[in-house]
Amino acid sequence: WGIIANLNRRWDKDRLNIDFGYHYSEKAQGNEDKQKAEDRWEFEAKHDHFWWEKVYSYEDLRYDRDKIQDLNARYRIGIGGGYQWLENAEAFDVGKFSFNQEIGVNYIKEEYENNDDVKNDGFCALRYAHHFAWLPKWREGLEFFHNAEVLPQVDEWDKFLAKADIGFSTKLIYDFDLLCKIEWDFNSKPANDRKREDLRYIIGLGYKW
């Protein structure tokens, strides 16, 4: 089970997006005692400012904690720029499309439970991200989306973080949405004896205003 919350707002020159999530699950084989399979927190806030119609700068910060991966905390702060290729643009007579790409730099600090060689290690990373959304014309409130992000360390290219998701949301009642998505995370150098990638299937509740 989990809790997912999303707040986003678009003004004339600014855009704000805030995400929060907590995910917990257990698994057991046969009559064995249940063991935790997931225990993870995440929070992210991002602000975009449009200097021209399609060109914007951004600031973002993110916090992650994953007990199964022995990640006590990962703090991330970054700045960069983006280009809004499409924003609610009608196309092919099937609905509205949005697509933007971003490039920036981030400072990342990680604290692991059992990895002394990288514990409390901070590093700088480049960031590339893109965001795609499609709102079909045949159902109001339905949105399909895909997001991807890669953060390679600037002085050690074989160390990088990556994540992507794909899914949809649909309006339930008032400003609440049902969210269904597949989420993928990758860490090229995780804590000792921990897996490098994680695939999750998520159903949650979102709020838009």
Q: Give the intermediate values and the outcome of salt bridge (charged side-chain N to carboxylate O under 4.0 Å, His left out) for residues Arg76 and Glu149.
A: CA-CA 13 Å; Arg76 197 182 94 191; Glu149 181 181 61; 3.0 Å; yes

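- In the hydrophobic clustering, where aliphatic and aromatic side chains (Ile, Leu, Val, Met, Phe, Trp, Tyr) are joined below 4.5 Å either directly or transitively, Trp52 groups with Trp51, Val55, Tyr83, Trp85, Leu86, Phe92, Val94, Phe97, Phe99, Phe132, Trp134, Trp138, Leu142, Phe144, Phe168.
- Gly122 approaches Tyr107 most closely through the heavy-atom pair CA-OH, 3.5 Å.
- Tested against Asn147 for a side chain to side chain donor-acceptor pair (under 3.5 Å), the candidates Glu183, His131, Lys181 yield a single pass: His131.
- Heavy-atom neighbours of Leu172 CG from other residues, nucleotides or ligands within 6.0 Å: above the threshold of 12.
- Ring centers of Tyr75 and Tyr63: under 6.0 Å apart, within the cut-off.
- Under 3.5 Å, the side chains of Asp165 and His146 contain no donor-acceptor pair of N or O atoms.
- Remark: the Asn17 side chain and the Asn6 side chain contain an N/O donor-acceptor pair separated by less than 3.5 Å.
- The two residues Ser188 and Phe160 come nearest to each other via the heavy atoms OG-N, 2.8 Å.
- A heavy-atom distance below 4.5 Å is not found between the side chains of Ile77 and Glu59.
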**Q.** salt bridge (charged side-chain N to carboxylate O under 4.0 Å, His left out) between Arg200 and Asp185, worked out
**A.** CA-CA 9 Å; Arg200 296 181 292 269; Asp185 277 329; 2.4 Å; yes

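- Here the closest heavy-atom approach between residue Ser98 and residue Asn88 is recorded as OG-N, 2.9 Å.
- Counting only heavy atoms from C-beta outward, the side chains of Arg196 and Phe186 approach each other to under 4.5 Å.
- Closest heavy-atom contact between Arg40 and Glu38: NE-OE2, 3.2 Å.
- For the pair Leu151 and Leu126, the minimum side-chain heavy-atom distance is 4.5 Å or more.
- Here the CG atom belonging to Asn187 is positioned 11.0 Å from the CG atom belonging to Asp198, to the nearest 0.5 angstrom.
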Q: Please assess Gln69 against Glu113 for the test side-chain contact (heavy atoms from CB on, under 4.5 Å), listing each intermediate value before the final yes or no.
A: CA-CA 9 Å; Gln69 290 293 94; Glu113 182 70 28; over 6 Å; no

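- To the nearest 0.5 angstrom, Leu199 atom CG is 6.5 Å from Ile182 atom CD1.
- Cluster annotation: Ile3 and Ile68 are assigned to distinct hydrophobic clusters (Ile/Leu/Val/Met/Phe/Trp/Tyr, side-chain heavy-atom contacts under 4.5 Å, transitive).
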Q.
Pair Asp70, Lys67 - check salt bridge (charged side-chain N to carboxylate O under 4.0 Å, His left out), show working.
A. CA-CA 5 Å; Asp70 285 338; Lys67 292 185 177 181; over 6 Å; no

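- Remark: Arg15 is positioned above the aromatic ring of Tyr56, its terminal NZ or CZ atom under 6.0 angstrom from the ring centre and at most 45 degrees off the axis.
- How far CZ of Arg62 is from CD of Glu44: 4.5 Å, rounded to the nearest 0.5 Å.
- Scanning all heavy atoms of the two residues, the minimum distance from Glu143 to Ala133 falls at OE2-CB, 3.4 Å.
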**Q.** Chi angles and distances behind the side-chain contact (heavy atoms from CB on, under 4.5 Å) call for His23, Ile202
**A.** CA-CA 9 Å; His23 308 273; Ile202 295 174; 3.7 Å; yes

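- A cation-pi arrangement is found for Arg10 relative to Phe50, the charged atom lying closer than 6.0 Å to the ring centre and inside a 45° cone about the ring normal.
- Placement of Trp157 and Phe123 in two distinct hydrophobic clusters is found when ILVMFWY residues are connected by side-chain heavy-atom separations under 4.5 Å, directly or transitively.
- With contacts defined as side-chain heavy-atom distances shorter than 4.5 Å, the pair Val105/Ile79 qualifies.
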Q) Going through the checks in order, is the side-chain hydrogen bond (donor to acceptor under 3.5 Å, both in side chains) test met by Asp60 and His47? A) CA-CA 6 Å; Asp60 73 330; His47 167 254; over 6 Å; no

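- Cation-pi geometry between Arg127 and Tyr58 is satisfied (NZ or CZ under 6.0 Å from the ring centre, within 45° of the ring normal).
- Contact of the Ile108 side chain with the Leu161 side chain is registered, since non-hydrogen atoms from C-beta on lie closer than 4.5 Å.
- Between Lys109 and Arg74 there is no side-chain heavy-atom pair separated by less than 4.5 Å.
- For Tyr112 against Lys189, the heavy-atom pair with the smallest separation is OH-O, 3.8 Å.
- With hydrophobic clusters built from ILVMFWY side chains whose heavy atoms lie under 4.5 angstrom apart, Val154 does not share a cluster with Ile103.
- Between atom OG of residue Ser169 and atom CG of residue Leu179 there is a gap of 6.5 Å, rounded to the nearest 0.5 Å.
- Using a 4.5 Å heavy-atom cutoff, the side chains of Glu90 and Lys137 are not in contact.
- One finds the NZ atom of Lys46 at 12.5 Å from the CD1 atom of Ile18 (value rounded to the nearest 0.5 Å).
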Q: Begin with the C-alpha distance, continue with both residues' side-chain angles, and end with the deciding distance and a verdict on side-chain contact (heavy atoms from CB on, under 4.5 Å) for Arg65 and Glu42.
A: CA-CA 6 Å; Arg65 176 180 174 88; Glu42 59 185 6; over 6 Å; no

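- Distance check, rounded to the nearest 0.5 Å: CD of Glu156 to CD of Gln153 gives 5.0 Å.
- The shortest side-chain heavy-atom distance between Trp41 and Asp66 does not fall under the 4.5 Å cut-off.
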